[in-house]
Amino acid sequence: MSVPPIVEFHEVTKRFGDGPLVLDRLSLAAQPGDFLAVIGPSGCGKSTLLRLIAGLSPVTAGRLTVDDLTPADAAAELAFVFQEPTLLPWLTVAENVELAQKLRGTPAAARAATRQGALDLVRLADRGGAYPRQLSGGQKMRVSLARALSLSPKILLLDEPFGALDEMTREHLNEELLAIREQKAWTAFFVTHSVSEAVFLSNRILVMSANPGRIHTEIRVDLPYPRTNDTRLSRAYHDLVAAGSRLLRSVEEISPVASRA
Amino acid sequence: MSVPPIVEFHEVTKRFGDGPLVLDRLSLAAQPGDFLAVIGPSGCGKSTLLRLIAGLSPVTAGRLTVDDLTPADAAAELAFVFQEPTLLPWLTVAENVELAQKLRGTPAAARAATRQGALDLVRLADRGGAYPRQLSGGQKMRVSLARALSLSPKILLLDEPFGALDEMTREHLNEELLAIREQKAWTAFFVTHSVSEAVFLSNRILVMSANPGRIHTEIRVDLPYPRTNDTRLSRAYHDLVAAGSRLLRSVEEISPVASRA
Amino acid sequence: CPTAPAADQPLAKITVQLDWIAEPEHGGFYQAQARGFFRDAGLDVTLLPGGPGAFVMPSVATGKADVGQADSTNALLQQGEGLPVIQFAAVFQDDPSGILIHADSPVRTFADLQGKTIIARPEWAFLKFLQKKYALTFNVVPQNFSVAAFLGNKSALQQGYFIAEPFHIVQAGGKMPRFLATWDAGFRSYAVLVTNTKFAREHPAELRAFVRAYVRGWRDYLEGDPTPAHAALKKANPGNTDEFMMFSRKMLLDEKLVTGRDSNGGPQLIGRLDPARYATQISQLEDLGILKKSKLTPAQAMTTEFLPR
Amino acid sequence: MSRKFLNVLLPAATGALVIALWYGVHFWLAAEMRFLLPTPDAILAALRDNGDALWRAALNTTAGALLGFLLAVVVSIALGLGLSLSSLVRASLYPYLMILQMTPIIVIAPILVLWVGPGLRSVTVITFLICFFPLVVNTTQGLISTDRHLVELFRMWRATRGQQLLHLRVPAALPYFFTGLRIAATLAPIGALVGDYTAGSSAGDGGGLGFSALIYSSQAKYPALFATAAVTCLLGFIFTAAVLALSWLALHKWHDSYERADK
Amino acid sequence: MSRKFLNVLLPAATGALVIALWYGVHFWLAAEMRFLLPTPDAILAALRDNGDALWRAALNTTAGALLGFLLAVVVSIALGLGLSLSSLVRASLYPYLMILQMTPIIVIAPILVLWVGPGLRSVTVITFLICFFPLVVNTTQGLISTDRHLVELFRMWRATRGQQLLHLRVPAALPYFFTGLRIAATLAPIGALVGDYTAGSSAGDGGGLGFSALIYSSQAKYPALFATAAVTCLLGFIFTAAVLALSWLALHKWHDSYERADK
Ligand SMILES: Nc1ncnc2c1ncn2[C@@H]1O[C@H](COP(=O)(O)OP(=O)(O)OP(=O)(O)O)[C@@H](O)[C@H]1O
Ligand SMILES: Nc1ncnc2c1ncn2[C@@H]1O[C@H](COP(=O)(O)OP(=O)(O)OP(=O)(O)O)[C@@H](O)[C@H]1O
Ligand SMILES: [Mg+2]
Ligand SMILES: [Mg+2]
């Protein structure tokens, strides 16, 4: 392929301190524009994978490049929706969403417009003045998401952003996400526990196994974009979801969970 | 009915300070042994409902009794799995699980046995010595759950305990939960975003609508216990899931989300 | 008689760092100032009131002040450490610091101090002297410029400035205390004026004029009408009541502190320093081990050069 | 009983109790000891009688206290920011800050008086020396206790060090900072007082409260001495009230220490 | 350059810099001022020459400092627990604690000497008075800053107040508490020194470091005076090292202030 990968893992190994192996010689190349879904059992290293890309944690062995540089040096603009909502408690919802842009020096008017759009998108336009402690769990996650989207990143790391949301909000956001993707050509890593969500959103699904974390299989999702509600009714979609679920089950069976008790 | 309800809402209204109405004249009676699933759009007041029962927040108007007393006075033993994992950062996983029992004066040996059982159940038997900050998101939620179960409560409040878990772990825990229920006759309130999970676990599903939060419909789930994997294959199950999903969608459509922008 | 300065000649400036807030112990200065004796001598004198943080010796040593008031013992010890300061005139022929004793206390002599607790400045060399001379052991508790501890304890013994503290004790409802004086133990410390050696070298004429005016101030204060000094003292320190100042002045006169208690005492002795007494003091301090042996001679410590002939 | 009512009643009751206790101790003391603890009314009388002098002294001391306090705040923030950079910087600098705090004032005072001159300037420096340490320690601890998830967020945004400080570490450190500020506000007047009587000067304006205290003490004027202490305390209360108000403004919307049960 | 190496190098370099600066200032001073700031070697020499006396004085002061410090810790914990109960209790008691902190030692010293007697007992009390306030404020702030979700957990478990304290509020308050402890550890030796020279006693072996400081100061023995200050600082370092060790033990496993990048 002529385009160089934007994120490339080459035999990457990760362990924390002298703990057990978390990721074991993991190799992977994400092309610009890829929408990679990551599924796998709890504790298999999905969040860790994202944290490595973001440069929040160093690799123990192997090589990881982002934009051909080490994650720490990479100039690629990242946005990360953490698994737990990470809002600044002393800022209102609106201020939280605007903050990153403010740091970049975006003028106030532009910021306000982006913020308003992002909050509309996550259906929290009316809660801009609330403080995080006044929000419900799902609302907090949505603010995190709004913040990430308002950054127009090159790489979007989403760690179960919709786990705390009801199905309808979730589907709504899935569709919005894809709609944005039509305009902005980000590369996304999307951790989820929902195989159907993974199939609906991504063009590639990484199925991970645990202890140590490895990429067990990769599923190519060749459904055409844009995807709509019709996609969900298509045969191909259902087959992929069924295949994914089966794979996930098999993966969990081989993962020696709690084996070291 | 001869048995008095263990939890009874009578026209309960809730608002925070002078904010908008969160729960609007909500009435509801839970019989001992009921397994109530609560579903509804994000921000509709599900967590608030649970917090009222737990006595963590006072009702604004109306009457709420737990064990025929106000929640604050109720002697009923409660266990609450919060929506966000709430572990003491200075205790290890094992110590976190044991703590509540320790406070009750349970002898160390008994505590250790219960703790071991609970950690086995959530498949974290090998992580007893880890500190919370060394755990993955799903692992933290599982510790919270283990802690709640180890209390053998009379009322179990579960706020999306499985949102951060993969399907298989989730199903495993669903089954374990029902298995425990065969022995311990707790009453459960279970908030979830998964209609199928709600149908599989509960005998009653409360479908809430938002702004203000109301119980829109209650679905009776008359599937016999014990429920097994076969239940999931049954016709009745599928019909209920389909009905639930439809209801949820309609509820979300009527809920004026973000209407006050 | 002082030479009247030429009208066109500017006044020589001299700054004096007092050892304590303005009180009648500085009567000589304030009378000379108020009556214009300094001005007559061609001097423009500034009096800086002190306090516990006056740091007289360092101020004089570093030239922040030209003249300072101190007690000769401490001055000797500091000179022994190399401070470039010289003692050049007496304020009091004997330092009025002593031990105050309740009127009805059984303590009568120095020997009675055996085993007692004395509230005093820990740095007071006289205590060491007593311990050595009378082979005493007693306990020292810090004195914080307050008579409270004395008033509150019927058996207390406290270091005090004999011309001031008894007044406050009586005012606060106590009986007039008795007093064990340093001179009765043969510890003859002066209250002195010091200047730094450089200033002494460079301004001998001014210092001579200064001492003359100062001696004149004392004499006038003690023998004449103290009102001018008292008015100035009150201005500098509103705490100076008339009763207090009259009391202090009376004590100065009764105990002949300025004019000398010895047989040769009298107005002619005001300001005088005796090298022989310095020799004794130096050897006493050397014997106590707080002044290094042969570090200091009377000639290094003091000078009579600026005293009136 | 309403909460609001209690909010006034309880502090008032405690105040009454303290005053009653005070009188109790006074009269329980042997008669000849009573002068050591003058009664509140005697202190009030002394406050009235010496009103003018105390007012002038208080103004002097307030100047020193305020300047020293502000200096301490400014320097502590700067030092706290520096110390929060890394444990290496802390290991390198902390001992010297401790030395500054631990060197007895009587060692420093002569140097200070001779260098910066007696009076207000020395008083300011001494107040500073007494106030700054609790502030530095609290500020630093606050700056290094930031939630690590938030730190990671800023790292990912490639926020500059300055931005991270301004928008993250500083607000997160506020609860600690205000704790230090509360301590410093209490120390400032007493620091100025100590400064005043070790390096103050009665020249010119007659000195501050430290001088008054010293003089009243040496003259055994106990009610006036206690009145001086009362003025010092009042000054401290004013400082503290200002700090508490600031703290409330900065924290009540979001910090758990201002959290109340919802109604 | 390895991190470990830097860990030694940088503090050493700072130390060298400080000493160089010290000499610099010394020689930059006008010759007649230099005696006020003796050079480090002169101080070392004085430390050697007065070794015995300083050692004895240091032992006395250590006793006072340690007792006062421990007393402050015990009392502050108790007070902090009380104050953390409610904002009402705080409003009722806090002003009186401030008064305790703000009343000048020279007002208290005579009363203290008469009541508890001079020497170790008074020194302990004065050390206590100087140390306790930062500890109380930090302890209280720590106790009321507990994460509200954890508090709710305990409420639901119907944990007793005591259990909530022991198992929740106290561990959560530790980072604040140790911050206060670090301040108190620095204040303790200097507090004992002040206590010694306001209410100490020469009984037995001749007083503590406060006496030494007064005597050296009055005799212009500046190198010995600075040596006394150095001993005080050393004492503070020992106290602080103990506190830091305790703090590390209690916090490093879980608190963000000890968080390091993983490797
Ligand atoms: N402490 C509070 N102060 C003010 N408003 C609050 C507070 N807690 C919750 N709310 C508001 O009450 C509403 C209901 O919140 P709740 O947490 O019960 O929602 P939920 O149904 O659990 O939502 P989710 O599924 O997102 O967790 C939300 O709009 C929320 O913003
Ligand atoms: N800071 C840390 N120190 C030690 N171990 C850690 C640390 N962070 C994560 N781990 C361990 O690494 C493993 C992978 O964690 P990770 O958070 O990547 O899992 P995950 O796949 O995201 O799981 P989940 O779906 O539950 O969020 C887990 O076993 C976890 O306990
Ligand atoms: Mg994860
Ligand atoms: Mg919720």
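Sequence lines set the chain letters: A, B, ... in the order given, protein chains first and strands last, and positions in each chain run from 1. Below, each value reflects all heavy atoms present in this structure, side chains not excepted, and no hydrogens, waters or symmetry copies.
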Handout entry: Expected output: side-chain Glu152(E) to main-chain Leu56(B) donor-acceptor under 3.5 Å
Key =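 Here the side-chain-to-backbone pair does not exist.
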
Problem - Side chain Arg133(B), main chain Lys253(E), donor-acceptor under 3.5 Å - result: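 Yes.
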
To the nearest 0.5 angstrom, please state how far the [atom1] atom of [X] sits from the [atom2] atom of [Y].
X	Y	atom1	atom2	result
Phe80(B)	Arg155(E)	CZ	CZ	11.5 Å
His167(E)	Leu88(B)	NE2	CG	10.0 Å
Trp157(E)	Leu151(B)	CH2	CG	7.0 Å
Gln163(E)	Leu99(B)	CD	CG	8.5 Å
Leu103(B)	Gln164(E)	CG	CD	10.0 Å

Exercise for the section: Would you mind checking which part of Ala172(E) comes under 4.5 Å of any heavy atom in chain B, side chain (CB onward), backbone (N, CA, C, O), both or neither? Expected result: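 Both backbone and side chain.
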
Exercise for the section: Heavy-atom distances under 4.5 Å only: say whether Leu168(E) touches chain B with side chain, backbone, both or neither. Expected result: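 Both the backbone and the side chain of Leu168(E) come within 4.5 Å of chain B.
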
Problem - Derivation of the side chain to side chain contact (heavy atoms under 4.5 Å, CB included) call for Leu174(E) and Trp90(B) - result: CA-CA 10 Å; Leu174(E) 287 179; Trp90(B) 53 86; over 6 Å; no

Problem - CZ (Arg161(E)) with more than 12 external heavy atoms under 6.0 Å - result: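 12 or below, so no.
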
Problem - Arg204(B), CZ: over 12 other non-hydrogen atoms inside 6.0 angstrom - result: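 Enclosed.
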
Exercise for the section: Check the pair Leu153(E), Phe82(B) against side chain to side chain contact (heavy atoms under 4.5 Å, CB included), reporting the backbone distance first and the verdict last. Expected result: CA-CA 9 Å; Leu153(E) 200 65; Phe82(B) 290 111; 3.4 Å; yes

Exercise for the section: Give, as side chain, backbone, both or neither, the part of Pro153(B) having an atom under 4.5 angstrom from any heavy atom of chain E. Expected result: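 Neither part, no heavy atoms under 4.5 Å.
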
Practice task
Please report the shortest heavy-atom distance between Ala72(B) and Arg158(E), naming the atom on each side.
Solution key: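 Ala72(B) and Arg158(E) have their closest heavy atoms at O-NH1, 3.2 Å.
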
